[in-house]
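Report on the following structure.
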Amino acid sequence: MNQTEEKLKKRILAVDDDVIILTRIFNILRNDYEVITINSGMRALRYLELEIPDLILLDVRMAQQDGIETLREIRKMEECKDVPVIMLTGVESRDIVVESAKLGVCDYLLKPFSSVELVKRVRRVFGQEEKEEL
């Protein structure tokens, strides 16, 4: 792939404190998207001061600063207030779903997630849904 094609790829920021999850996300999405992986909410906020991704995949439960706190900070950033966010979590919690919805997330994906489900959700955000084959 040449540099022009590389620049046309949508950029996804994946934020999770679990390196195994980040590696999995990277491996699933890297052929179709530019994937940036970051292992903490605070590092993600610093990254967002420099670069604006097309989508953020954000883990809910992280050490130091959880995903909800991180998302609150992201929404305060003028350049990032409209960036689509998919929350990732291993815990089903109505409170987290409600709080995420208030902060404008576009989707919510439970861990462990399948490769197919992750790709499907990302494509939906980018309006790239493929027709399901029979």
Side-chain angles (χ1 to χ4, degrees):
M1 181 172 303
N2 65 36
Q3 279 188 320
T4 305
E5 289 173 319
E6 199 62 39
K7 287 182 187 213
L8 294 176
K9 278 186 171 184
K10 297 275 189 192
R11 181 179 301 148
I12 298 173
L13 174 62
V15 185
D16 198 308
D17 59 354
D18 185 335
V19 70
I20 294 169
I21 298 290
L22 286 177
T23 302
R24 187 157 179 258
I25 290 169
F26 180 81
N27 288 334
I28 293 168
L29 299 175
R30 70 179 177 188
N31 290 332
D32 296 316
Y33 305 98
E34 178 185 349
V35 182
I36 300 1
T37 58
I38 294 182
N39 66 355
S40 80
M42 289 183 286
R43 285 189 178 118
L45 292 171
R46 285 197 299 270
Y47 172 83
L48 290 169
E49 290 173 0
L50 305 172
E51 297 286 337
I52 307 303
D54 298 296
L55 171 65
I56 300 171
L57 302 175
L58 182 59
D59 184 27
V60 171
R61 303 220 180 219
M62 294 184 287
Q64 296 175 322
Q65 181 171 329
D66 72 23
I68 297 295
E69 293 172 50
T70 302
L71 184 55
R72 279 191 194 110
E73 293 300 314
I74 290 170
R75 292 305 186 217
K76 290 177 187 175
M77 301 169 82
E78 185 62 34
E79 307 80 19
C80 297
K81 66 180 184 182
D82 296 323
V83 174
V85 175
I86 297 176
M87 297 301 282
L88 306 173
T89 186
V91 179
E92 276 191 80
S93 164
R94 186 177 189 284
D95 293 340
I96 291 173
V97 171
V98 169
E99 188 62 27
S100 299
K102 286 179 185 174
L103 293 167
V105 299
C106 60
D107 211 338
Y108 198 86
L109 187 58
L110 287 175
K111 295 177 191 175
F113 50 82
S114 70
S115 303
V116 170
E117 194 59 32
L118 177 61
V119 169
K120 186 172 152 183
R121 305 286 180 102
V122 168
R123 284 185 174 156
R124 186 181 307 149
V125 169
F126 292 141
Q128 301 169 329
E129 296 105 328
E130 292 181 5
K131 295 191 178 39
E132 292 185 28
E133 295 180 23
L134 299 176

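Position 1 is the first residue of the sequence, and the numbers go up from there. For the numbers below, each heavy atom of this structure counts, side chains included, while hydrogens, waters and symmetry mates do not.
Minimum interatomic distance between I86 and C106 (heavy atoms only, all atoms of both residues): CG1-SG, 4.0 Å. In terms of heavy-atom proximity, A14 sits nearest to I25 at CB-CG2, 3.9 Å. Contact record, I68 with S100: CD1-OG, 3.5 Å, taken as the closest heavy-atom pair. The two residues D59 and R61 make their nearest non-hydrogen contact at OD2-O, 2.7 Å.
For residues 67-76, the set of pairs meeting the salt bridge (charged side-chain N to carboxylate O under 4.0 Å, His left out) definition, not counting sequence neighbours, comprises R72-E99, E73-K76. Residues in residues 11-28 take part in these salt bridge (charged side-chain N to carboxylate O under 4.0 Å, His left out) pairs, two or more places apart or across chains: R11-E34, R11-E51, D16-K111.
Residues M87 and L118 do not share a hydrophobic cluster, defined by chaining ILVMFWY side chains whose heavy atoms lie under 4.5 Å apart. V83 is connected to M77 through a chain of hydrophobic side-chain contacts under 4.5 Å among Ile, Leu, Val, Met, Phe, Trp and Tyr, so both are in one cluster. In the hydrophobic clustering of ILVMFWY residues, with side-chain heavy atoms under 4.5 Å counting as a link, I28 and I36 come out apart. By the rule that hydrophobic residues join a cluster once side-chain heavy atoms approach within less than 4.5 Å of another member, I96 and I56 end up as members of one cluster. Side-chain heavy atoms closer than 4.5 Å link hydrophobic residues (I, L, V, M, F, W, Y) into clusters, and following such links, even through other members, never connects Y108 to V122.
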Name the atoms and distances for all side-chain donor-acceptor pairs under 3.5 Å in residues 39-46, with sequence neighbours left out.
from: N39; atom 1: OD1; to: R43; atom 2: NH1; distance (Å): 2.6
from: S40; atom 1: OG; to: R43; atom 2: N; distance (Å): 3.0

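Residue E49 holds its CD atom at 9.5 Å from CD1 of I52, rounded to the nearest 0.5 Å. The CD1 atom of I12 sits 14.0 Å away from atom CZ of R30, with the distance rounded to the nearest 0.5 Å. How far OG1 of T37 is from CG of N27: 10.0 Å, rounded to the nearest 0.5 Å.
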Between L13 and I38, is a side-chain contact (heavy atoms from CB on, under 4.5 Å) present by the stated rule, with each step listed?
CA-CA 7 Å; L13 174 62; I38 294 182; 3.5 Å; yes
What do the steps show when you test V15 against T70 for side-chain contact (heavy atoms from CB on, under 4.5 Å), and what is the final call?
CA-CA 10 Å; V15 185; T70 302; 5.5 Å; no
Chi angles and distances behind the side-chain contact (heavy atoms from CB on, under 4.5 Å) call for V105, L58
CA-CA 10 Å; V105 299; L58 182 59; over 6 Å; no
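Legend: residues meeting ring pair (Phe, Tyr, Trp, His ring centres under 6.0 Å) with F126, ordered by chain and number and at least two apart, are Y33. Applying the side-chain hydrogen bond (donor to acceptor under 3.5 Å, both in side chains) rule to R121 yields the partners D107, E117; only residues at least two apart in sequence or on another chain are considered. Contacts of V98 classified as side chain to side chain contact (heavy atoms under 4.5 Å, CB included), with partners at least two apart in sequence or in another chain: R94, K102.
Within the 3.5 Å criterion, the main-chain N or O of D32 finds no donor-acceptor partner in the side chain of K10.
For the pair L48/P53, a side-chain contact is recorded, criterion being any heavy-atom separation below 4.5 Å from C-beta on.
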